[in-house]
Each structure stands twice: as structure tokens, then as C-alpha cells.
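Proteins come first, then strands; the chains are lettered A, B, ... in the order of their sequence lines, and each starts at number 1.
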2 protein chains.
Amino acid sequence: MQADGRLPRYQRLRDEMVALIAARHWRPGEAIPTEQALSQSYGLAVGTVRKAVDLLVAEGLLERFQGRGTFVRRANFDASLFRFFRFQTRQGERRIPESRILRREVVDAPSAVAATLQISRTARVIQMSRLRLIDGVPMLAEEIWLPYARFAAFAKMDLDEVGDLLYPVYETHCNQIVASATETLTVEAIGARHARLLNIEPGTPAVVIERLAFGYDRQPLEWRRSRGPASEFIYQAEIR
Amino acid sequence: MQADGRLPRYQRLRDEMVALIAARHWRPGEAIPTEQALSQSYGLAVGTVRKAVDLLVAEGLLERFQGRGTFVRRANFDASLFRFFRFQTRQGERRIPESRILRREVVDAPSAVAATLQISRTARVIQMSRLRLIDGVPMLAEEIWLPYARFAAFAKMDLDEVGDLLYPVYETHCNQIVASATETLTVEAIGARHARLLNIEPGTPAVVIERLAFGYDRQPLEWRRSRGPASEFIYQAEIR
DNA sequence: TAGTGGTCTAGACCACCGC
DNA sequence: CGGTGGTCTAGACCACTAC
């Protein structure tokens, strides 16, 4: 866990601060120590502290308010839903879909999953099937894989405790915060098994979204593959 | 054109440098003056110059190389193609498709186009149809709209001068640089007209990508709608 | 070796906030 | 008013590049 001593100090301080936030030593909504205080306690110049804070502000972990202080950003679960759930109905509605976890089990990682999650081929993973519905109509059938090592607490949870969104649960119960993700979209004719789940005809065009979600430490946290009828959905992306 | 004197100096310097780049006083691929030289000629501390350069590096206009200098980013047309052309074949091939402009005319802006491009309802626009092919096989049928005011030079160009990529032409002939874009993906059954262009059966599932491209001034530059057979394509996006 | 950007310091003064 | 972050300065030393 020893950080590379050749990393710049502002990088090491940034990692230190991420750890404090992850450990809930600095809690969302709270102010962190002032730049002066940090510079003294870490023995760094204020400018160096500023650079570390700059990084975390850019990453969205901290928020600065002139004259008031610097605060740990409160995870906005609505916003994060829409950050990651880019589908919407043609009417532009963006409601949180109802979620039903159909299955959850701990299994040996299939090799493709282990490779994607960058874990050992002998590691265990949590595998889930989940159905997402709007107004009781199935919209997405999801398969989800989580590395057991990070999400052991989740494997033991009563499924009734899990609401419609997983990321808040990851955060509160497993201390795993999703910071970024990559998504790959394709279109395929839906297979018989998923057609049954989605209550559509086999062979209907379906959108497939594969999402790999990463934590603030840039390690893969979750892999999911979601399928839904292509006719219903709109996907938006920004390119910078 | 007088910049607001209340803006921080690094902001004003950043704006100054953007102007120099836009005016092609500093040209793509060339090194800009060293931080020392800039600090002297503008009468600023090196740290302040650094902050301005930091901004432009973050915006992608400049590139820094330790020990060599800071360079105006050469629009890497390959890279920019793949920044904006996120489709690829299932084999992972990412080749530049051949382009054929089928039609180009200057017309009154349809109201939806005027609204999207944020121009007057009485403004003129350039409208284009374009076909993109790989190995002679049609992959995408595109409709493109450009505000005439910014792209007048393009309207007069010989189409033989236009290569397979439009953004480089916008840059060299119209001084319009695409900095960012939003894309909206949907799937539809292809209509008869586009089916003919793409040489597929009417009703085949097709991906529709609507892209609105913006300049560095955050004004809309181009609106395009591309359609291609859904079976062929993969779309990748990053969420941050 | 000379010159570049990268890191870091130790201050100063300002604008803004909450009391 | 005192304390916060925001801006800015004027250096120092380091790592890397090109010659």
C-alpha cells in the first residue's frame, strides 16, 4: 500500500485525501481542514496543497466555496443515476425504474469476467440478474458481476434492503464509490431467454449496453450487461 | 473586444492565447514561446503563465512536452475522427470511411435546424447529403446542416477538394474548429429512401446518431444525422 | 551542456462569507 | 471583524530533451 515516493507530493496528498474520504473520516457535506491547516499538518506549502485540492475538485470529490471553505461533495444519487442511466423514454421522461433482483450468487469468476474486472482467475465474484421496469413494463434485463473481495458485505445483505439503485448501496454498505465508467453499445436480435424476461418476441432488435464501472482508485468495480428493446430508448453522450 | 479587466490575469492571458491560435499566429504543430518568454513579454509571473497554459492544455488546444516545449495541438485528424466517429466494425477495425457528398445546397433554415444551431429563423444554412462507405459498402447515410454565415467559404468550395473528413476542411477553409459535441443515439426501422442509399432492405433496424458539434466558443457549428445498419456497429462512450 | 517544462516553496494581497 | 479560498509573485531545484 506504500505510495511510490517518486510521485509528486501533490499527487501523494491527493491520494491521502481520497483515502480519508473513502474511510469516511471526512464525510460528505463536511468541510475539510483549511488549506493553511493542511499545509501545516502535512508540512507542505499552501500552493502544493492547493494543487492537490484542485485535482479533487476537478474529479468532483470536493467542492470549494470562497470565504466558506472546501467541502466533501455530497453524492447526489439522482444526478448519479442520470449520469449513468442514459436511457430515457421517447417522451423525455427520466424516471428511476423499479428494480427486481431475480438472482444473486457467489461463483468462481468466469475467465472473461475475471479479465474484465482485473482480478485473479481464481477469484470469486457475485453474479446477479436484475430486471428494471417502468410502470411495471420490463425495460432492461441486466447481468451484473462484482468482485467478491470488495463486495462481500453486499453478498450477505438481505435483498429487501436493496432499493432501486445499486450504486448508493455499494457506497453505504461496501464503501465502494463509482467514479467513472465506460459503456459499449451494440444492437442485436434478442435471444429467447431475454425475450421472455422482457416480454417481447424473440428476434426483436434489442440494445445491449456493456458498462464497466471504476472507482476513484481507477480499479474496475462492476461489470454489467443490460439489454432492452431498441424501439424504446434514447442514448445521449457527450464528446470532449 | 476589450476583455473585462476584472477577470483574473491568467484568464485574460488564456483568452489572448486562444486568439493567437485562432488567428493562426501560432500554428498547429508549432511550439509557442517558453513560459519564461511569455512571463516577460506579458509582464506576469511564470506561475500565472503556467496557470493559463494549464487551462489550454486541459481544453486540448495545447500540448506540453517536458524538456521540449509547449505546442499548439495539431488537429490529429485520425484521432479526431475516432473521437467523433465512434462506430467501428465488430472486428475492431477503425478505418476512415470513404465519403461521397451527394448533394450540397444553401437553403433557408428549417425551423428545427435554426433552433438547434441557435441561429435566426430567417438565416440561411448549408444542407448536405453524404454517404460513407468502407470497402465500397455503404455504412452511413448522413444529412448535415451548417450555418451559412460561418461556412460561406465551404459553400463555394469545389467538392473535389473535400476529402473524406469534413472537420479538417472546416478548420482550414472556414477557420471553424470543432471542440466538443453531443450525440443522441436511437434505433429505428430504416425508411425506403435511406434503405436505397444504404443498399439494405427497408425496415431493417438502423442506428440513428444525431450529433451537434460545438466550437471553442461553445456555439453550435454543425448538426448532422447519420443512419447506418444496426448490425454492423459498436458505439463506445466514457462517463465521467 | 543549455534550455525546456515539472515541482515546490513562502510569502503577499484580494474578494467573499459569516458573525 | 477574522477566516476562508482566489489570485499572483519571485524565486529554487529537478527531470527530461536536444545538441
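- B/E35 places its CD atom 15 Å from the C1' atom of D/dT9, with the value rounded to the nearest Å.
- Minimum atom distance to the side chain of B/K51 is reached by D/dT7, of the listed C/dG5, C/dC8, D/dT7.
- A cation-pi arrangement is present between B/R68 and B/F71 under the rule of less than 6.0 angstrom and at most 45 degrees off the ring axis.
- In this structure, A/R64 atom CZ and C/dA15 atom P are separated by 18 Å, rounded to whole Å.
- A donor-acceptor pair under 3.5 Å is absent between the side-chain atoms of B/R9 and the main chain of B/A52, judged by distance alone.
- Not a single salt bridge (Lys or Arg N to Asp or Glu O under 4.0 Å) links A/E16 to another residue, sequence neighbours left out.
- Under the 6.0 Å distance and 45° angle rule, A/R225 counts as a cation-pi partner of A/W223.
- Going from atom CD of A/Q36 over to atom P of D/dG2 covers 16 Å, rounded to whole Å.
- Comparing D/dT7, D/dG5, D/dT9 by their nearest atom to the side chain of B/R9 picks out D/dT9.
- Taking 4.0 angstrom as the limit, B/R68 places a side-chain polar atom (N or O) nearer than this to OP1 or OP2 of D/dA18.
- Here the side chain of B/A45 is nearest to one of D/dG6, C/dC8, D/dT9, namely D/dT9.
- Remark: A/T48 is not in phosphate contact with C/dC8, judged by side-chain N or O atoms under 4.0 Å from OP1 or OP2.
- In this structure, the nucleotide among C/dG6, D/dG5, D/dT9 sitting nearest to the side chain of B/L44 is D/dT9.
- Atom CG in A/L13 sits roughly 14 Å away from atom P in C/dT7 (whole-Å rounding).
- Considering only side-chain atoms of B/Q66, the nucleotide from C/dT9, C/dG5, D/dG6 that sits closest is C/dG5.
- Under 4.0 angstrom from either OP1 or OP2 of D/dG5 there lies no side-chain N or O belonging to A/R50.
- Of the candidate nucleotides D/dT7, D/dG6, C/dT7, D/dT7 has the atom nearest to the side chain of B/Y10.
- Atom CZ in B/R14 sits roughly 14 Å away from atom P in D/dT7 (whole-Å rounding).
- Regarding B/E63, its CD atom lies at a distance of 19 Å from the P atom of C/dT4, rounded to whole Å.
- The CZ-P distance, from A/F65 to C/dG18, rounds to 10 Å in whole Å.
- The shortest non-hydrogen separation linking A/P220 to A/L212 is CB-CD1, 4.0 Å.
- Rounding to whole angstrom units, CG of residue B/L7 and P of C/dA15 are separated by 14 Å.
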